[in-house]
**Q** 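The structure that follows is given in the form of structure tokens.
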Amino acid sequence: MNETGLCELAVVGLGVMGGNLARNFASRGLRVAGYQRTVEHAHALAAAHPEARLRIADSLEALVKMLERPRRLVLMVNAGPAVDSVLDQLDPLLEDGDIVVDGGNSLYTDTDRRVARAESRPWRFVGMGVSGGSEGALLGPSIMPGGDRYAWERLRPPLEAIAARSPSGVCVTYCGRGSAGHFVKMVHNGIEYGDMQLIAEVTALMREGMGWPWGQVADTFAEWNRGELESYLIEITADILRAPDPQNPGALLVDAILDRAGQKGTGKWTVVAAAEHGVPIPTIAAAVDARLLSAAKELRTRAEAALRPARGVIQGVSPDDLRDALYASKIASYTQGFALLQAASEARDYGANLAEIARIWTGGCIIRAVFLERIRAAFAQAPRPSGPDGPELLVLAPDFAADVARRLPGWRRVVAAAAAAGHPVPGLSASLAWFDTLTQARGSASLIQAQRDYFGSHTYERVDAPGVFVHTEWPKSSQ
Ligand code: 6PG
């Protein structure tokens, strides 16, 4: 409380993420008010953490009265209708210049709608991605706000106070106009899906394909985490693979976990958004598909019994080949994700700065990695003659191009050996197929065009007259 008795900021929704975010704000010296529909939960949280000195309101009306003006309210409620419901309730209570931030994993098109709604209202709206899980929310997340710029300037000091810090700086930046913050968070999650899938595939190859004991798999990830692959997800993989099964002495927990992956939707949204923006993201799409197939456990069990495919030992692949395949696929996946951000920024007028987005992902978030500092540097290069700064595609930046070239032989050996021995590597192989398609100046689509023209008179362009669309009466063998 200050001399006027008012709080500087409110958090609405004090679940795991909201509660920890409120405590994080408080730990930076901010006076924080909190509200949660289940009021007893809010009071219990405040009582459990007296050091945060959270002031709990029993209604949104009371909460609004606790705040200095212009008010700043951060919503940490479930994405979807709950956000609209809170906005409906806050709308008559808010005044000129007040700021409402949606910090959930909202679908960006919902954020577009809310941004449009706020334009006719006296209050301002910010859609903001937050990554780092519950621990990140408490100790320093990566924060991706977008939308109203005036509101961002007012939010900047408290957000900079709570965000993660990495050697590249404080992990919050203005991501762009409109729904940019939530779009950026969605792509972050899509990339997260890709990384997780690639790591899972390499783990399965080591274990099932090459017969390594779990200890060797864990040690290899721990070793990789000291090199170019250093990242949160590699680090936690080594930890996970060493965790004992509390219900089965001597066994490892990983062996007791059912192979059915959940998903809340952000990966699927990324794939849909990519298709809508005309950007191929096959690594991320493969990761979403793999989760869907994983969920069909009973079907997979029946299919294995019915079809009994031969599954053998992986031959001719070294540990370095596996690392190279993982790293090269990661470059492919991040190239796709950043290409989507670039295309969406142009189509949707976000004005996003890709170097800044890479920078705020260097710390705090689930995909944090030393690799992202290299991506930041690539996008921070001198302006191109036309279009945005940096390389046209990440993989075309000179050091990433050289990296992929060096890893290509190992990448091919891994994908080929996995296919030959019957081990599924959808993420690694989709990434390689993307690379091979990208780097083939004359591809196989001539035939697609011919077929389209044959059955539907859709026309095609000749190689000697691009831009001129012609139709052919194709000779038909059946007439
Ligand atoms: C983060 C995570 C976070 C959450 C995902 C999990 O950045 O902190 O991505 O947003 O863990 O929602 O998503 P799935 O349930 O879809 O795997």
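Both counts, for ligands and for their atoms, begin at 1 and track the order of listing.
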**Q** Measure from NZ or CZ of Arg117 to the centre of the six-membered ring of Phe125, then state whether that distance is under 6.0 Å and the direction lies within 45° of the axis.
**A**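 That pair does not qualify as a cation-pi contact.
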**Q** Taking the side chain as everything from C-beta on, heavy atoms only, tell me whether Asp255 gets closer than 4.5 Å to Asp245.
**A**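 The answer is no; the side chains never approach within 4.5 Å.
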**Q** Identify the closest protein heavy atom to atom 7 (O) of ligand 1: which residue and atom is it, and at what distance?
**A**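 The closest one turns out to be Ser131 OG, 2.4 Å.
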**Q** How are the rings of Phe183 and His277 set to each other: parallel, tilted or perpendicular (split at 30° and 60°)?
**A**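 Perpendicular, since the angle between the ring planes exceeds 60°.
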**Q** Can an N or O of Asn189 be found at a distance shorter than 3.5 Å from an N or O of ligand 1?
**A**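 Right, the criterion is met.
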**Q** Taking only heavy atoms of Lys264, which atoms of ligand 1 are found under 4.0 Å from at least one of them?
**A**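 Listed by number with element, the hits are 14 (P), 15 (O), 16 (O).
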**Q** I need the Trp361 CH2 to Ile367 CD1 distance, nearest 0.5 Å.
**A**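 Taking CH2 in Trp361 and CD1 in Ile367, the distance rounds to 5.0 Å.
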**Q** Of the protein's non-hydrogen atoms, which lies at the shortest distance from atom 16 (O) of ligand 1, and what is that distance?
**A**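 Looking at atom 16 (O) of ligand 1, the protein heavy atom closest to it is Tyr193 OH, 2.4 Å.
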**Q** Please state which protein non-hydrogen atom is closest to atom 8 (O) of ligand 1 and give its distance, to 0.1 Å?
**A**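 Ranking protein heavy atoms by distance from atom 8 (O) of ligand 1, first comes Gly132 N, 3.0 Å.
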**Q** Provide, to 0.1 Å, the distance between atom 17 (O) of ligand 1 and the closest protein heavy atom, together with that atom's residue and name.
**A**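 Scanning the protein heavy atoms, the shortest distance from atom 17 (O) of ligand 1 goes to Arg291 NH1, 2.8 Å.
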**Q** I need the nearest protein heavy-atom contact for atom 12 (O) of ligand 1: residue, atom name and distance, please.
**A**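 Protein heavy atom at minimum distance: Asn105 ND2, 3.4 Å.
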**Q** Measure from the ring center of Phe400 to the ring center of Tyr334 and say whether it is less than 6.0 Å.
**A**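 Centroid distance Phe400-Tyr334: not below 6.0 Å, so no.
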**Q** For side chain to side chain donor-acceptor pair (under 3.5 Å), just list the numbers for Ser294 and Asp259, CA-CA rounded to whole Å, side-chain angles, deciding distance to a tenth of an Å, and then say yes or no.
**A** CA-CA 6 Å; Ser294 85; Asp259 53 332; over 6 Å; no
**Q** Is the closest side-chain donor-acceptor distance between Ser131 and Ser142 under 3.5 Å?
**A**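 No donor-acceptor contact under 3.5 Å links the two side chains.
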**Q** For ligand 1, is there an N or O atom under 3.5 Å from any N or O atom of Gly133?
**A**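 For ligand 1, there is an N or O atom that lies under 3.5 Å from one belonging to Gly133.
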**Q** Is there a protein heavy atom less than 4.0 Å away from atom 2 (C) of ligand 1?
**A**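 Within 4.0 Å of atom 2 (C) of ligand 1, protein heavy atoms are found.
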**Q** Nearest heavy atom to atom 10 (O) of ligand 1 wins, so pick from Lys185, His188, Glu192, Glu135.
**A**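 Nearest heavy atom to atom 10 (O) of ligand 1 lies in Lys185.
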